[in-house]
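Note sheet for the following structure.
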4 protein chains.
Amino acid sequence: MTVHTDDPPVSSATGRPLTTRGRQTRRRLLEAAEQVFADLGYHEASIVKITEHAGVALGTFYLYFDGKQAVFDELVLDLNSRVRHSMSEAMSTAADRIEAERLGFEGFFRFTAAHPALYRVVREAEFVSPAMLKLHYERIVDGYRAGLAAAQRDGEIAAELDTDVVAWALMGAGELIGMRYLLWEKDADGRPPAQIDPAVLDGMTAFITRALRPDTTEGKTDD
Amino acid sequence: MTVHTDDPPVSSATGRPLTTRGRQTRRRLLEAAEQVFADLGYHEASIVKITEHAGVALGTFYLYFDGKQAVFDELVLDLNSRVRHSMSEAMSTAADRIEAERLGFEGFFRFTAAHPALYRVVREAEFVSPAMLKLHYERIVDGYRAGLAAAQRDGEIAAELDTDVVAWALMGAGELIGMRYLLWEKDADGRPPAQIDPAVLDGMTAFITRALRPDTTEGKTDD
Amino acid sequence: MTVHTDDPPVSSATGRPLTTRGRQTRRRLLEAAEQVFADLGYHEASIVKITEHAGVALGTFYLYFDGKQAVFDELVLDLNSRVRHSMSEAMSTAADRIEAERLGFEGFFRFTAAHPALYRVVREAEFVSPAMLKLHYERIVDGYRAGLAAAQRDGEIAAELDTDVVAWALMGAGELIGMRYLLWEKDADGRPPAQIDPAVLDGMTAFITRALRPDTTEGKTDD
Amino acid sequence: MTVHTDDPPVSSATGRPLTTRGRQTRRRLLEAAEQVFADLGYHEASIVKITEHAGVALGTFYLYFDGKQAVFDELVLDLNSRVRHSMSEAMSTAADRIEAERLGFEGFFRFTAAHPALYRVVREAEFVSPAMLKLHYERIVDGYRAGLAAAQRDGEIAAELDTDVVAWALMGAGELIGMRYLLWEKDADGRPPAQIDPAVLDGMTAFITRALRPDTTEGKTDD
DNA sequence: AATGAATGAGAGTTCATTCAT
DNA sequence: TATGAATGAACTCTCATTCAT
């Protein structure tokens with residue numbers, strides 16, 4: 001599990017810079033936190049469980065983090081950074097915006113399937129650290145909106161659409177589809193699927209394509 | 001605040017039927033719980049706070065509910081019942097399915113604006129009582145899907161759409177739009193808006209209409 | 001189950017005399033208390049459980065008893081009265097004191113097997129109502145001691161024995177034998193035996209006989 | 001007050017080994033528990049009272065014990081171990097089995113007088129932790145029975161006696177004698193006696209001696 | 001840099017008892 | 001005579017955090 005945020009705060013809770021050993025301990029704690037928060041949720045999780053999972057003593061935790069909420073917040077930022085990275089990488093090969101949307105969702109679902117912590121931790125942030133959830137959503141929406149607006153200028157998507165509203169709608173749709181068809185879906189053995197059902201992705205693509213594509217009469221801009 | 005569920009459990013925690021006085025006390029407790037859970041969230045809420053709010057003694061709570069989680073669960077069911085009632089009432093005057101969708105969202109947003117507890121309580125159920133959240137979503141989706149399937153048979157919406165996927169996508173979209181433009185929006189006085197910005201509702205309607213409407217070449221069924 | 005004490009307090013908690021109906025309710029409550037205390041012990045038992053068992057409402061209990069401890073105390077007295085009655089009846093046909101001892105124990109064990117509440121309730125009195133336990137033991141010992149003293153005067157048992165010490169010793173012995181071979185013994189089906197193993201009773205009789213019988217050289221008094 | 005069990009569990013509630021400081025705290029808690037349980041009984045006792053008595057914070061208790069019942073159980077084991085140690089030490093100088101019995105009772109009474117917790121705690125175990133009481137009695141009886149059987153082989157006590165029955169009878173006798181003449185006896189100042197009345201011990205010895213000694217006609221085995 | 005014993009506020013829950021009906 | 005809703009003190013137990021080592 002690789003942990004990389006936009007602005008990696010590789011310093012101790014007291015602000016001192018860290019030695020190599022310190023950085024390692026810190027990373028182990030953050031990874032343990034991801035595991036424990038994902039498995040148990042914020043309130044069932046405890047610092048003891050995190051430190052046990054990380055194989056360090058209880059007190060050590062407070063050398064690197066200000067407290068329970070602080071690790072949690074950092075974890076949300078970290079997951080946000082990673083899921084956006086996964087999505088933008090998936091979209092990078094798209095020929096047009098609508099293909100980009102499909103690839104973006106594919107990347108999102110792939111990340112979700114591989115990191116169930118994303119939902120469990122990020123969505124719980126709504127109740128633990130509301131500002132973090134807002135930040136998470138807004139960062140994703142920002143990317144969306146920028147892409148949609150550019151595509152609109154290029155005539156790739158319908159001019160009448162409100163890119164802000166559409167961006168939020170798409171994110172909401174993606175989130176619930178992921179929850180329904182990835183997190184709640186169980187195969188014969190009761191295990192969650194490793195990837196989303198292609199038929200669902202197709203259904204989602206059809207829905208999005210219809211919503212976004214320009215009207216047939218709509219004049220395309222040159223480019 | 002009116003409390004009405006599909007199957008109102010007007011009995012005590014021990015299952016005995018209640019006197020009039022008992023029913024009143026129970027309802028006051030459930031209403032207090034809605035208030036307190038909405039204001040503070042599940043974990044910050046406490047039975048003491050609920051009983052204080054209801055103006056009864058601590059022990060009284062346990063005459064009517066099995067515990068903290070039990071009131072919470074009942075509250076989720078109650079809110080689910082009420083929001084669905086609000087939506088179906090709003091949709092009842094629609095001329096066609098696409099208008100029904102718009103009216104349904106309008107009803108949903110109106111309920112959300114009037115009962116912030118819906119989001120705060122229901123979404124938190126994901127972490128407190130996952131089965132309740134699933135139930136909540138599934139009950140709403142069931143209605144959606146049935147309406148979409150019927151409309152598809154009538155040629156009111158595109159035949160190619162996967163009604164299940166669309167139903168979940170629409171619900172997710174509606175949820176995040178509501179969160180963004182109702183719960184997070186503040187007017188000049190820092191108060192949340194009493195109703196959703198009509199422009200947003202229009203944007204959403206455009207999005208949905210484009211996604212659902214049959215292709216122009218698509219043959220309509222007679223009616 | 002018949003309830004009869006030396007001094008049956010057939011009056012309400014407030015001291016008023018009782019109607020026939022009142023007496024019935026009171027007796028049902030006392031019998032329910034015996035059952036519930038025996039099954040659950042004093043602390044696990046609750047007034048609600050007793051009244052439910054008796055088929056009356058909670059408040060009714062306080063019409064007849066001063067409280068939880070009060071029923072308990074009355075129950076101890078009642079059981080004491082009944083076990084002593086059972087023992088003295090069993091001893092009534094004895095030819096001599098040593099036979100009387102054997103028959104007395106037999107009666108005690110029979111009562112114990114039929115009324116497990118005796119142990120459960122009476123022994124718990126040590127911690128709930130110490131004065132009641134003392135009374136229980138002393139009443140039994142009084143009978144013992146009187147019988148032993150008379151037998152000593154008649155030369156049926158050894159003159160050197162301290163009747164007080166012997167009475168307490170015999171009662172203690174009987175109590176632990178009953179606990180070990182009746183309450184803790186389970187047959188093939190895991191059920192407690194309906195009567196004590198005759199071999200055990202023989203063993204006990206041998207022990208007592210040896211301890212009590214006069215020395216062979218000891219002169220018997222005429223009778 | 002020295003605390004020593006057969007198998008001293010010098011580990012925390014979570015099973016981790018303890019530092020010196022931790023072991024000290026644990027021992028202080030166990031001693032405080034002995035005091036508090038003996039003074040108040042199981043149900044009146046509370047963790048708060050135990051920790052206050054021990055001079056530590058409430059939470060500290062749970063570092064070392066799993067809960068109220070757990071300390072109680074450990075205390076029963078501890079007392080059992082100590083009283084048996086006291087008895088076997090007292091018996092070690094006996095010339096024959098009958099003298100051993102007398103010395104054993106003396107040791108038991110001495111321990112009882114010095115540690116009233118023995119009765120109060122161990123007998124209450126019948127209702128709090130029945131398995132513990134059984135264990136307590138059985139461990140004592142095991143020693144008794146072994147001694148009696150050996151003595152029987154040596155012809156020191158009557159061959160006809162059932163050693164199992166006799167062992168339980170003797171223990172029961174000793175327990176009630178101790179209760180009557182130590183715990184319930186008060187001197188002029190209302191204080192319990194520091195040691196048992198020698199006359200009672202003599203009475204008990206006479207009783208036991210008569211019961212156990214071989215018949216005069218019984219042939220002794222050579223040794 | 002790391003340890004782990006100690007803290008104590010605060011939670012959910014139970015139940016004997018009262019009293020208006 | 002009977003009811004059962006209401007009370008609230010007291011309990012056990014948890015866990016984020018501190019700090020001496």
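Lettering follows sequence order; numbering is per chain, from 1. Values below: all heavy atoms of this structure, side chains included; hydrogens, waters and symmetry mates excluded.
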Reading DNA chain F from 5' onward, which residue's closest nucleotide shows up sooner: A/Ile47 or B/Phe61? B/Phe61

Specify the residue among D/Glu44 and B/Thr25 whose closest nucleotide of DNA chain F lies further upstream toward the 5′ end. B/Thr25

Establish, with yes or no, whether the OP1 or OP2 oxygen of [N] is under 4.0 angstrom from a side-chain nitrogen or oxygen of [X].
{"X": "D/Tyr62", "N": "F/dC13", "result": "yes"}
{"X": "D/Thr60", "N": "E/dA5", "result": "no"}
{"X": "A/Ser46", "N": "F/dT14", "result": "no"}
{"X": "C/Tyr64", "N": "F/dA2", "result": "yes"}

Distance (rounded to the nearest 0.5 Å) between [X] [atom1] and [Y] [atom2]:
{"X": "A/Phe61", "Y": "A/Thr25", "atom1": "CZ", "atom2": "OG1", "result": "13.0 Å"}
{"X": "D/Leu30", "Y": "D/Phe65", "atom1": "CG", "atom2": "CZ", "result": "5.0 Å"}
{"X": "A/Leu75", "Y": "A/Asn80", "atom1": "CG", "atom2": "CG", "result": "11.5 Å"}

Side chains of B/Leu79 and B/Glu34 in contact at under 4.5 Å (non-hydrogen atoms): yes

Answer yes or no: is there a side-chain heavy-atom contact under 4.5 Å between C/Leu77 and C/Leu135? yes

Let me know the distance between [atom1] of [X] and [atom2] of [N], rounded to the nearest Å.
{"X": "D/Phe72", "N": "F/dT12", "atom1": "CZ", "atom2": "P", "answer": "13 Å"}
{"X": "D/Gln69", "N": "F/dT12", "atom1": "CD", "atom2": "C1'", "answer": "13 Å"}
{"X": "A/Leu63", "N": "F/dT21", "atom1": "CG", "atom2": "P", "answer": "17 Å"}
{"X": "B/Arg28", "N": "F/dA5", "atom1": "CZ", "atom2": "C1'", "answer": "12 Å"}
{"X": "A/His43", "N": "E/dG12", "atom1": "NE2", "atom2": "C1'", "answer": "15 Å"}
{"X": "D/Phe65", "N": "F/dT14", "atom1": "CZ", "atom2": "P", "answer": "15 Å"}
{"X": "C/Glu52", "N": "F/dT3", "atom1": "CD", "atom2": "C1'", "answer": "14 Å"}
{"X": "A/Leu58", "N": "E/dA6", "atom1": "CG", "atom2": "P", "answer": "13 Å"}

Dot-bracket for DNA chain F, 5' to 3', counting Watson-Crick or G-U wobble pairs under 3.5 Å, with [ ] for crossing pairs and | for inter-strand pairs? .||||||||||||||||||||

Kindly indicate, with the supporting measurements, whether the criterion side chain to side chain contact (heavy atoms under 4.5 Å, CB included) is fulfilled by D/Arg26 and D/Glu74. CA-CA 12 Å; D/Arg26 189 179 207 283; D/Glu74 189 170 327; 2.8 Å; yes

Applying a 4.0 Å non-hydrogen cut-off, can you work out what [X] is touching in the nucleic acid: base, sugar-phosphate, or nothing?
{"X": "C/Gly67", "answer": "sugar-phosphate"}
{"X": "A/Ala70", "answer": "nothing"}
{"X": "B/Val48", "answer": "nothing"}

Mind checking whether B/Phe72 and B/Tyr42 have parallel, tilted or perpendicular rings, split at 30° and 60°? perpendicular

Of all the nucleotides listed (E/dG10, F/dT1, E/dT13), which has the minimum atom distance to the side chain of C/Thr19? F/dT1

So which one's nearest nucleotide on DNA chain E is more toward 5', C/Tyr42 or D/Gly59? D/Gly59

Mapping B/Ala45 and B/Arg21 onto DNA chain E by nearest heavy atom, which one lands closer to the 5' end? B/Ala45

Looking at D/Glu44, I want to see if its CD is surrounded by more than 12 non-hydrogen atoms of other residues, nucleotides or ligands under 6.0 Å. no

